[in-house]
Amino acid sequence: MSSLGREEGRLVNEVWVLGGTGRTGRAIAAELARRGAAIVLVGRDASRLDTAARALGARMVVAGSPTAMAEAIRRERPAVTVNTIGPFQQTAAVIADAALEGGDYVDLGNDVATISQLVERDEPARRAGHTLVTGAGFGVTATESVVTWLVEGRPPAARVRIDMIPSIASTAGVVGDALAATLTEGLPGIEGGGRFQGRRITHGRLAKAPFGGSPTRLTTPDGDQVTTALLPLGELLAAEHASKAPFVDAGSSEAPSGALARLVMPAGLTLLHIAPLRRFATRRLAAVKVSERPRPRKHSWAHARVQWADGTTREGWLRLPDANDFTATVAAEVTNRLLAGQGRPGTYTPAALFGSSLAESCGGEYLLAEELNPRTPHDV
C-alpha cells in the first residue's frame with residue numbers, strides 16, 4: 001500500500017466506505033483497517049457511524065443521501081471510494097461520477113443495469129486516469145473468475161453456462177432497506193423507463209429468457225446436490241466479456257426452479273415494474289425478520305461450463321468460503337491494490353482487471369471437473 005501523508009488536516013490515500021454501518025460495509029472496513037488503510041465511514045446515522053468509527057479508529061462523514069455523499073466526495077477527493085449502498089442502479093452512477101474527479105471507485109453491483117452504467121463510463125474514466133471497478137462481490141467475481149481461468153490462452157468460446165452457489169451464514173435481524181431495494185430493483189430487470197434488461201446473452205445481445213428457466217442439477221465437488229436456474233444478474237455481462245462467447249446463460253442456486261415457481265414468478269416480476277407496488281414490496285421485504293442459522297453447505301461455489309466451436313468443452317469449479325466473507329475480502333483486496341497503484345484507467349470487473357489469480361488471493365481454489373469426475377449436469 002502506498003504511504004500515507006496529511007493534506008489540509010486529513011489523511012491522503014483515504015478509503016471512503018459508503019454504507020459503513022451496514023453488515024457488508026462494516027466487514028469491508030474491518031478488513032481494510034486490518035490491512036492498515038486509512039478508513040472513513042460514510043452514512044446517514046451519526047450515532048451508529050460514531051460507534052463503528054470508534055471501533056476501527058476511523059474518521060466518519062455523515063451524509064443523508066447519495067447526492068450528499070457525492071458532494072462530500074467531490075469536496076474531499078478520497079483515493080478510493082467503496083460503495084456498498086444499494087440499489088446500485090440508483091447509487092452507482094452518481095457516486096462513481098463524483099469519485100472519478102479525484103480517485104478510484106469500487107462497488108458491489110451485480111445487476112445488469114448497474115454494470116452497464118459503469119461500462120458507459122469507461123471512456124470518461126480513461127480520460128480522468130482513474131479506475132472504476134464494479135461487481136466486487138461474490139456473484140460477479142466468483143463466476144467471472146472461473147470462466148477466466150478456464151479460457152486462459154484459448155480462443156473465444158461459443159457457449160458458456162455459469163452458476164453461482166452461495167453458502168451464507170445468517171445472523172438474526174431484518175433484511176433492511178438497502179438489501180430489500182437491491183433485490184426488488186435488480187431482479188425484475190428494470191432499467192430507467194421500465195425497460196426489460198434481458199436474462200441471457202443470445203447472439204451477443206441481452207435477450208429474454210424464462211425467469212428460473214433452464215434448471216440444472218449439479219453435484220459439487222463436496223458431494224452436495226443443488227439445482228440452479230436462470231437469474232437475470234450482472235454475471236451475464238462479466239462472463240460474456242471474459243469468454244467472448246455469443247451465447248451465455250447465468251444460473252443461481254438462489255433462483256426459484258420449481259415448475260410452479262416458474263409459472264408464478266413472471267407475473268410477480270411484471271407487478272414489480274409498477275413503481276408503487278415495487279416500493280410497497282421493498283418496505284415489506286425490508287421488515288422481514290431473518291433468523292440466525294449456519295451456512296447450509298461447507299463451501300460456496302462458482303461453476304462454469306465452456307464450449308468452443310470445435311466441440312471442445314471445459315468445466316470447472318471455484319471453491320470458496322462463506323459468500324459474504326468472500327465479498328468483503330474481494331472488495332478489500334481490490335481496494336488495497338488500487339491504493340498500491342495497480343489499477344488501470346477505465347471500467348472493469350475484478351477478474352477483468354486483476355485476472356483469475358485474484359480469487360485465489362481471496363481464499364478461492366480452482367478445480368477441473370474432468371479431474372474430479374463429478375456427475376454430469378443435466379436438466380431437471
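Along the sequence shown, residues are numbered consecutively beginning with 1. Because the structure is predicted, anything quoted here is derived from the model rather than measured.
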- prompt: Does a side-chain heavy-atom distance below 4.5 Å link Gln225 with Arg217?
  reply: yes

field: Side chain proximity check, Val146 to Trp317, heavy atoms < 4.5 angstrom
entry: no

- prompt: Using 4.0 Å as the upper bound for N to carboxylate O, is an ion pair formed by Glu14 and Arg77?
  reply: no

query: Who passes salt bridge (charged side-chain N to carboxylate O under 4.0 Å, His left out) against Asp163, sequence neighbours left out?
result: Arg161

query: Do Thr91 and Asn83 get their side chains close enough for a donor-acceptor pair, meaning under 3.5 Å?
result: yes

- prompt: Looking at Ala29 and Leu56, what are the two nearest heavy atoms and their distance?
  reply: CB-CD1, 3.6 Å

query: For the residue pair Tyr105 and His130, is the inter-centroid distance of their aromatic rings smaller than 6.0 Å?
result: no

message: How long is the straight-line distance from CG of Asp50 back to CZ of Arg54, given to the nearest 0.5 Å?
response: 4.5 Å

query: Checking side-chain contact (heavy atoms from CB on, under 4.5 Å) for the pair Val40/Val17: CA distance, chi angles, key distance, verdict?
result: CA-CA 6 Å; Val40 177; Val17 180; over 6 Å; no

query: What is the minimum heavy-atom distance between Ile162 and Ala304, and which atoms define it?
result: CG2-CB, 4.0 Å

field: Donor-acceptor contact present, side-chain Ser65 to main-chain Ala63, <3.5 Å
entry: no

From CD (Glu152) to OG (Ser356), nearest 0.5 Å: 3.5 Å

Donor-acceptor contact below 3.5 Å, side chain Ser253 vs main chain Thr227: no

message: Show, in sequence, the C-alpha distance, side-chain angles and deciding distance for Asp45 and Ser47, and conclude whether the side-chain hydrogen bond (donor to acceptor under 3.5 Å, both in side chains) test is met.
response: CA-CA 6 Å; Asp45 189 317; Ser47 177; 4.6 Å; no

task: Write down the atom of Ala323, the atom of Pro166, and the distance for their closest heavy-atom approach.
output: CB-CB, 3.8 Å

Acceptor/donor pairs from residues 341-354 side chains to any protein atom, 3.5 angstrom cut, sequence neighbours excluded:
unit_1, atom_1, unit_2, atom_2, d
Arg344, NH1, Leu353, O, 3.3
Thr347, OG1, Leu118, O, 2.8
Thr347, OG1, Asp122, N, 3.4
Tyr348, OH, Pro345, O, 3.1
Thr349, OG1, Glu144, OE1, 2.7
Thr349, OG1, Glu144, OE2, 3.4

message: So does Trp308 get a backbone contact from the side chain of Thr312, meaning a donor-acceptor N/O pair under 3.5 Å?
response: no

message: Could you check whether Arg319 makes a cation-pi contact with Trp301, meaning its NZ or CZ is under 6.0 Å from the centre of the six-membered ring and within 45° of the ring axis?
response: no

message: Is any side-chain heavy atom of His203 closer than 4.5 Å to one of Pro246?
response: no

- prompt: Could you state the interatomic distance from NZ (Lys298) to OG (Ser167), rounded to the nearest 0.5 Å?
  reply: 11.5 Å

task: Apply side-chain contact (heavy atoms from CB on, under 4.5 Å) to Asp104 and Val133, showing your working.
output: CA-CA 8 Å; Asp104 298 328; Val133 180; over 6 Å; no

query: Closest approach of Leu231 and Ser252, non-hydrogen atoms and distance?
result: CD2-CB, 3.7 Å

field: Ile201 vs Leu206, side-chain contact (heavy atoms from CB on, under 4.5 Å): CA-CA, chis, key distance, verdict
entry: CA-CA 5 Å; Ile201 301 292; Leu206 286 167; 3.7 Å; yes

- request: Not counting sequence neighbours, list each pair that qualifies as a side chain to side chain donor-acceptor pair (under 3.5 Å) and has a residue in residues 236-250.
  value: Arg200-Asp249

field: Donor-acceptor contact below 3.5 Å, side chain Thr220 vs main chain Asp224
entry: yes

query: From Arg314 CZ over to Glu370 CD, what is the distance, rounded to the nearest 0.5 angstrom?
result: 6.0 Å

- prompt: Do Val42 and Ile73 pass the side-chain contact (heavy atoms from CB on, under 4.5 Å) test, and can you show the C-alpha distance, the side-chain angles, and the key distance before you say yes or no?
  reply: CA-CA 10 Å; Val42 185; Ile73 290 166; over 6 Å; no

Thr141 and its side chain to side chain contact (heavy atoms under 4.5 Å, CB included) partner, picked from Val330, Thr329, Leu318: Val330

task: Determine, for Asp222 against Arg297, whether the closest basic-nitrogen to carboxylate-oxygen distance falls under 4.0 angstrom.
output: no

message: Using modelled atom types and a 3.5 Å cut-off, is there a donor and acceptor pairing between side-chain atoms of Thr114 and backbone atoms of Gln89?
response: yes

field: Leu18 backbone acceptor or donor facing Thr84 side chain under 3.5 Å
entry: yes

query: Heavy-atom distance under 4.5 Å between the side chains of Thr313 and Val306, does that happen here?
result: no

statement: Minimal heavy-atom distance between Ala53 and Met60, with the atoms involved, is CB-CB, 4.2 Å

field: Linked, directly or transitively: Leu150 and Phe247 (ILVMFWY side chains, under 4.5 Å)
entry: no

message: Enumerate the salt bridge (charged side-chain N to carboxylate O under 4.0 Å, His left out) contacts for residues 60-72, please, sequence neighbours excluded, ordered by first and then second residue.
response: none

field: Listed once per pair and sorted, the salt bridge (charged side-chain N to carboxylate O under 4.0 Å, His left out) pairs that draw on residues 349-360, sequence neighbours left out
entry: none

query: Taking C-beta and beyond as the side chain, do Trp16 and Glu76 meet within less than 4.5 Å on heavy atoms?
result: yes

- request: Given side-chain hydrogen bond (donor to acceptor under 3.5 Å, both in side chains), test Ser361 with Arg337 step by step and report yes or no.
  value: CA-CA 12 Å; Ser361 71; Arg337 294 188 186 195; 3.2 Å; yes

- request: Determine which pairs satisfy ring pair (Phe, Tyr, Trp, His ring centres under 6.0 Å) with at least one residue from residues 137-167, sequence neighbours left out, and list them in order.
  value: Trp149-Tyr366

field: Closest non-hydrogen atom pair between Leu339 and Ala37, with its separation
entry: CD1-CB, 4.3 Å

message: When you compare the side chain of Leu358 with that of Val334, does any pair of heavy atoms fall below 4.5 Å?
response: yes

- line: The reported gap from CZ in Arg26 to CG in Leu41 (rounded to nearest 0.5 angstrom) is 10.5 Å

Contact check, side chains of Ile39 and Arg59, non-hydrogen atoms, under 4.5 Å: no

- request: Compare all side-chain heavy atoms of Ile95 with those of Met69 and state whether any distance is below 4.5 angstrom.
  value: yes

statement: Here the gap from Arg127 atom CZ to Arg121 atom CZ, rounded to the nearest 0.5 Å, amounts to 11.5 Å

